[in-house]
Amino acid sequence: MNVDRFRPAFVALAAVALAAVLTGCQGSGAAAGDGAGATAVELPGAVEMSQAPVDGSAATGDTTSGVRTPVKVPARKTGGPKPKPRVTTEAPGADCVDGPPEPDDYDPDEFALYRIEELDGSTGKVNLVLQHGAWGCGGTDTDGGPFVVSGEESRWALDQAAYVTVTDPIVASTENQRIGVQELIDWVDAHPDSGLVFRYETGDDGAIHRLEQVFTP
């Protein structure tokens, strides 16, 4: 047998077989590579861990799942509810008297003036002859009640430099106007026992240093 005549045929067959083996290996490798690429790339629903939805256990502060989520704490109220405004009610008192007042009912800042007695000029004072009292109750068709006096007449010193204001009928005005003490003396001397009501304030010496007539309609 001539071996050299068949050698090219054997070489050709061996080359074909080797090529087939190599082709199969490449196909398997490519298939495996394609599968790995699909696993690594095609995950459209995947999210990062920091954006992953939290299940119910994590929302309640449970750390067994390995994810801690902050729990919202209600804001603390400061100051508390506003206190309700206090309502003070003064005890009702008698606004007027129906008859001659008792000494306890006397108005502490007002009196009725009847006369003026002049004293020695060196004293710098005059005496007011007056009576204490309280305001009486007026009728429904009147602007107010009268000043009702009781008890004996009293005398109280008025400083001749006192601040004095008067209104009708001493001056033609319903607003208080300032006058001098001598003008007051002259008017009262001409109209004795008028009983005009005055509000007064005393000084450190006990004498009256401010005298203001109370206007009565």
Side-chain angles (χ1 to χ4, degrees), residues 78-217:
T78 59
K82 294 182 179 180
K84 295 181 179 180
R86 297 179 58 186
V87 179
T88 57
T89 304
E90 297 180 0
D95 295 331
C96 60
V97 294
D98 294 326
E102 298 294 330
D104 290 341
D105 299 327
Y106 289 164
D107 192 307
D109 303 315
E110 296 173 341
F111 56 66
L113 177 63
Y114 291 95
R115 295 180 303 279
I116 297 178
E117 297 176 344
E118 297 191 51
L119 302 175
D120 188 285
S122 62
T123 63
K125 295 178 175 59
V126 295
N127 270 346
L128 304 182
V129 181
L130 54 90
Q131 274 189 291
H132 293 282
W135 290 100
C137 299
T140 56
D141 56 346
T142 62
D143 294 329
F147 190 77
V148 183
V149 298
S150 66
E152 297 181 357
E153 290 182 345
S154 301
R155 285 166 172 79
W156 207 324
L158 171 70
D159 193 285
Q160 288 188 344
Y163 180 89
V164 179
T165 64
V166 295
T167 181
D168 185 74
I170 298 178
V171 295
S173 174
T174 57
E175 300 291 334
N176 280 61
Q177 307 292 324
R178 185 175 181 181
I179 63 172
V181 172
Q182 188 59 51
E183 293 177 81
L184 177 65
I185 294 173
D186 294 342
W187 191 92
V188 174
D189 285 347
H191 305 82
D193 300 325
S194 63
L196 295 180
V197 181
F198 286 83
R199 182 176 294 111
Y200 67 94
E201 295 179 9
T202 59
D204 294 337
D205 58 354
I208 297 172
H209 283 254
R210 189 180 187 92
L211 193 67
E212 298 178 276
Q213 183 187 347
V214 179
F215 174 74
T216 54

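- Nearest heavy atoms, Asp159 versus Ala207: N-CB, 4.4 Å.
- Considering all non-hydrogen atoms of both residues, Ala134 and Pro101 come closest at N-CG, 3.9 Å.
- Between the side chain of Asp109 and the backbone N or O of Tyr200, no donor-acceptor pair lies under 3.5 Å.
- The distance from the CG atom of Asp186 to the CD1 atom of Ile116 is 9.0 Å, given to the nearest 0.5 Å.
- The two residues Ala162 and Ile208 make their nearest non-hydrogen contact at CB-O, 3.9 Å.
- One distance of note links CZ of Arg210 with OG1 of Thr165; it measures 7.0 Å at 0.5 Å rounding.
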Step-by-step side chain to side chain contact (heavy atoms under 4.5 Å, CB included) determination, Leu128 to Val188:
CA-CA 10 Å; Leu128 304 182; Val188 174; over 6 Å; no

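- Residue His209 holds its NE2 atom at 8.5 Å from CG of Leu158, rounded to the nearest 0.5 Å.
- Rounding to the nearest 0.5 Å places CG of Asp98 at 4.5 Å from SG of Cys137.
- Put simply, the side chain of Glu110 never gets that close to the backbone of Asp107: no donor and acceptor are under 3.5 Å apart.
- When all heavy atoms of Gln213 and Asn176 are compared, the closest pair comes out as O-ND2, 3.1 Å.
- Remark: the backbone N or O of Val149 is not paired with any side-chain donor or acceptor of Tyr106 at under 3.5 angstrom.
- Ion pairing of Glu117 with Arg115 is absent here, as no side-chain N (NZ or NE/NH1/NH2) approaches a carboxylate O to less than 4.0 Å.
- We find the OG-NE2 distance between Ser154 and His132 to be 4.5 Å, quoted to the nearest 0.5 Å.
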After noting the C-alpha distance and the side-chain angles of Lys125 and Asp205, does the key distance pass the side chain to side chain contact (heavy atoms under 4.5 Å, CB included) rule?
CA-CA 11 Å; Lys125 295 178 175 59; Asp205 58 354; 3.4 Å; yes

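- Of the possible donor and acceptor atoms, none in the side chain of Thr167 sits under 3.5 Å from a partner among the backbone N and O of Phe215.
- Contact check for Val164 versus Arg178: no side-chain heavy atoms found under the 4.5 Å cut-off.
- Proximity of a side-chain donor or acceptor of Trp187 to a complementary backbone N or O of Gln182 within less than 3.5 Å is not detected.
- Enclosure of atom CD in Glu102 is not indicated, since only 12 or fewer non-hydrogen atoms of other residues, nucleotides or ligands lie within 6.0 angstrom.
- Across Leu113 and Ser194, no two heavy atoms sit closer than the pair O-OG, 3.9 Å.
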Evaluate the criterion side chain to side chain contact (heavy atoms under 4.5 Å, CB included) for residue pair Asn127 and Leu119; output intermediate values, then yes/no.
CA-CA 7 Å; Asn127 270 346; Leu119 302 175; 3.8 Å; yes

Please walk me through it: do Leu184 and Leu211 pass side chain to side chain contact (heavy atoms under 4.5 Å, CB included)?
CA-CA 10 Å; Leu184 177 65; Leu211 193 67; 3.8 Å; yes

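- Counting heavy atoms from C-beta on, the side chains of Val129 and Trp156 never come closer than 4.5 Å.
- A 4.5 Å side-chain heavy-atom check between Leu196 and Tyr114 finds every atom pair outside the cut-off.
- Gly195 and Ala112 make their closest contact through O-CB, 3.8 Å (heavy atoms, listed as atom of the first residue, atom of the second, distance).
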